[in-house]
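Before we start, here is the structure in question, set down as structure tokens.
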Amino acid sequence: MNTQLIADAVRNSRGKAEETVWDRLFAFWFRRLVYTQIWEDPEADLAALRLPVGSTIVTISSGGCNALSYLTARPAQVYAVDLNEAHLSLLQLKLAGLRVFSGYAEFWQFFGEAASVANSALYRDRLRPVLDAETRAYWDRLNIIGRPRHAYFTDGFYRHGMLGRFIGLAHVLAKLARIDLSALLNGKADCPDRMRALDRLHRLFHSPLARLITATPALLFSLGIPPQQRALLGADAPLNEVLHERLLRLVSGHSNETNYFAWQALQRSYRGPGDACLPPYLQRSQFERMRDGAGLIIPVHANLRQFLEGLPAREVDAVVLLDSQDWMASEEIRALWNAIDRTGSNDVRVIFRTAGKESPLENDELAPLRQIWRRDEARSAIGFAQDRSGIYGGFHCYERR
């Protein structure tokens with residue numbers, strides 16, 4: 001079932017004749033654990049949404065970081081919907097940790113540092129007994145070298161997953177190109193070491209190797225970029241140049257004192273426990289709120305549109321689509337927004353990102369949707385400006401007319 005759900009999403013609502021071999025390969029690839037950390041900034045989301053207390057939120061789950069972080073807005077409930085069972089298993093593991101760990105120190109050790117050999121005992125003695133059968137089976141399953149998946153948390157969880165391994169490969173290339181990643185992360189804007197690192201980064205991204213990597217769709221699968229989204233990402237310029245520009249925004253667009261996305265990209269870990277430079281759900285000051293609100297998170301394994309169609313009318317106050325519409329054909333986008341229209345409250349707000357700059361709703365083909373929905377330019381600008389991950393071309397917030 002999982003394979004078919006993902007294949008249907010990646011097929012982009014096209015007919016079998018239009019489905020490419022790259023679509024089928026990506027559907028197979030995306031069954032795995034892709035994101036150990038979600039790459040959309042939850043604080044930017046909440047700044048754009050400005051939700052009242054007691055709201056009902058529907059979001060695509062991914063690694064579950066944002067679904068949990070939305071608890072800082074004191075919602076009534078958060079539905080975390082995903083096609084990928086690996087991502088839902090990660091969210092379920094975090095929810096279990098909030099229930100059974102003794103306090104913030106253990107939660108940080110397991111999910112923040114995520115690199116202690118003691119985490120093996122924490123999983124075996126504390127987490128495993130409270131997991132449902134499917135989640136337990138996922139984390140107990142042996143990988144290709146005979147190692148259980150829960151052991152990822154003993155040697156640096158954020159180095160695992162498809163994206164984590166891709167970032168590891170990028171670090172190898174950076175080392176070969178003599179790029180000082182520490183200078184990019186910690187150096188002052190105009191210090192010589194950082195300027196030298198930026199110059200070498202520019203040369204690497206404009207090298208024949210970079211052009212080769214970005215020209216091959218399969219090599220970008222580990223970034224979670226399907227063929228359709230790859231085409232959108234490279235619409236305005238060569239893909240190696242677009243990715244270079246996005247990386248510069250990631251490492252230079254915000255202070256790295258608070259940008260945990262830059263730390264994950266350049267250090268492959270979080271800076272440390274506490275409140276600074278962490279997603280809200282991992283902050284010490286938010287731990288009790290996470291623990292108290294964990295029961296409000298409802299993981300759902302389903303197609304998002306079909307899930308929305310099954311909810312009562314006027315049930316939802318916010319829908320977070322991440323970048324999912326980049327995968328969709330116009331017919332599927334239209335059906336999704338029709339489901340949101342029925343399920344959304346009078347004041348429902350919808351946010352999403354796009355690989356390119358433009359919203360799909362602004363296309364002529366989807367003009368009828370604009371009779372119901374309008375893009376809130378001010379809130380969209382707030383979301384884009386505050387999104388520390390810097391990897392998307394557009395941030396969009398819509399509300400009813």
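Keep in mind that the numbers below use all heavy atoms, side chains included, and drop hydrogens, waters and symmetry copies.
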Are Leu248 and Leu201 side-chain neighbours, meaning at least one heavy-atom pair lies under 4.5 Å?
yes
Between His87 (side chain only) and Tyr35 (backbone N and O only), is there a donor and an acceptor less than 3.5 Å apart?
yes
Answer yes or no: is there a side-chain heavy-atom contact under 4.5 Å between Ile340 and Asn338?
no
Compare all side-chain heavy atoms of Leu247 with those of Leu243 and state whether any distance is below 4.5 angstrom.
no
Would you mind checking if Arg400 and Asp341 are paired as a salt bridge, meaning a charged N to carboxylate O distance below 4.0 Å?
yes
With under 30° as parallel and over 60° as perpendicular, where do the rings of His396 and Tyr398 fit, or are they tilted in between?
tilted
Determine whether a donor-acceptor pair (N or O, by modelled atom type, separation under 3.5 Å) exists between the side chain of Thr214 and the backbone of Ala210.
yes
If you take all heavy atoms of Gly97 and Arg291, which pair is closest and at what distance?
O-NH2, 4.5 Å
How about Leu336 and Ile333: do any of their side-chain heavy atoms sit closer than 4.5 Å?
no
Does CD belonging to Glu288 count more than 12 external heavy atoms closer than 6.0 Å?
yes
Is the backbone N or O of Arg374 less than 3.5 Å from a side-chain atom of Arg401, with the two atoms forming a donor-acceptor pair by type?
no
Under a 3.5 Å distance rule, please check whether Ser252 uses its side chain to pair with a backbone N or O of Arg249 as donor and acceptor.
no
Using a strict threshold of under 4.0 Å (side-chain N to carboxylate O), is an ion pair present between Glu40 and Arg353?
no
Pair Gln286, Thr72 - check side chain to side chain contact (heavy atoms under 4.5 Å, CB included), show working.
CA-CA 8 Å; Gln286 298 292 348; Thr72 60; 3.5 Å; yes
Given Tyr158 and Tyr270, is the ring-ring contact (aromatic ring centres under 6.0 Å, His included) satisfied, shown in steps?
CA-CA 9 Å; Tyr158 299 102; Tyr270 291 120; 5.0 Å; yes
Nearest-0.5 Å distance, CG of residue Leu98 to CE of residue Met290
8.0 Å
Which atom of Leu71 lies closest to which atom of Ala294, heavy atoms considered:
CD1-N, 4.2 Å
Using 4.0 Å as the upper bound for N to carboxylate O, is an ion pair formed by Arg196 and Asp199?
no
Check: Leu304 and Ile60 side chains under 4.5 Å, non-hydrogen atoms:
yes
Without swapping roles, check the side chain of Asp180 against the backbone of Ala183 for a donor-acceptor pair under 3.5 Å.
yes
Do Phe352 and Asp326 touch side chain to side chain, with heavy atoms closer than 4.5 Å?
no
Taking the side chain from Arg268 and the backbone from Ile167, do they hold a donor-acceptor pair closer than 3.5 Å?
no
Which ring pair (Phe, Tyr, Trp, His ring centres under 6.0 Å) pairs, counting each pair once, include a residue from residues 50-80, with sequence neighbours left out?
Tyr79-Phe307
Note: Arg388-Asp41 ion pair, threshold 4.0 Å (strictly below)
yes
For Asp317 and Leu51, indicate whether the former's side chain and the latter's backbone hold a donor-acceptor pair under 3.5 Å.
no
Are Val58 and Leu311 close enough that some pair of their side-chain heavy atoms sits under 4.5 Å apart?
yes
Correct closest heavy-atom pair for Gln325 and Trp337 would be OE1-NE1, 2.7 Å
Can you confirm whether Asp132 is buried at CG, in the sense that more than 12 heavy atoms of other residues, nucleotides or ligands lie under 6.0 Å from that atom?
yes
Under 3.5 Å donor-acceptor, Arg126 side chain and Val100 backbone
yes
Closest approach of Ser330 and Glu365, non-hydrogen atoms and distance?
OG-OE1, 3.0 Å
Any sub-3.5 Å donor-acceptor pair from Thr258's side-chain atoms to Ser255's backbone N or O?
yes
Picking from Arg149, Arg128, Arg147, what satisfies salt bridge (Lys or Arg N to Asp or Glu O under 4.0 Å) with Asp140?
Arg128
Quick one about Ser389 and Asp387 (side-chain donor to acceptor, distance below 3.5 Å, no hydrogens or angles considered), yes or no?
yes
If you draw a 6.0 Å radius around CD in Glu362, do more than 12 non-hydrogen atoms from other residues or ligands fall strictly inside?
yes
Is any NZ, NE, NH1 or NH2 atom of the basic residue among Glu309 and Arg342 found under 4.0 Å from an Asp or Glu carboxylate oxygen of the other?
no
Does the pair Phe153 and Trp139 meet the rule for a ring-ring contact (aromatic ring centres under 6.0 Å, His included), with working shown?
CA-CA 11 Å; Phe153 292 91; Trp139 292 110; 5.5 Å; yes
Which of Leu184, Leu185, Asn186 passes side chain to side chain contact (heavy atoms under 4.5 Å, CB included) with Ser182? It is Asn186
Taking C-beta and beyond as the side chain, do His202 and Leu198 meet within less than 4.5 Å on heavy atoms?
no
For Arg74, is the CZ atom crowded, meaning more than 12 foreign heavy atoms sit under 6.0 Å from it?
no
Is it true that a side-chain atom of Asp275 and a backbone atom of Arg284 form a donor plus acceptor pair closer than 3.5 Å?
yes
More than 12 non-hydrogen atoms from neighbouring residues, nucleotides or ligands closer than 6.0 Å to CZ on Arg178, yes or no?
no
Which heavy-atom pair separates Pro360 from Leu366 by the least distance, and what is that distance?
O-CD1, 3.4 Å
Using a strict cut-off of less than 4.0 Å between a Lys/Arg side-chain nitrogen and an Asp/Glu carboxylate oxygen, indicate whether Arg375 and Glu377 qualify as a salt bridge.
yes
For Tyr104 versus Gly274, what's the shortest heavy-atom pair and its separation?
OH-N, 3.1 Å
Just say parallel, tilted or perpendicular for the rings of Tyr152 and His160, cut-offs at 30° and 60°.
parallel
Determine which pairs satisfy ring pair (Phe, Tyr, Trp, His ring centres under 6.0 Å) with at least one residue from residues 44-63, sequence neighbours left out, and list them in order.
none
Plane angle bin for Phe107 and Phe111 - parallel if under 30°, tilted between 30 and 60°, otherwise perpendicular
tilted
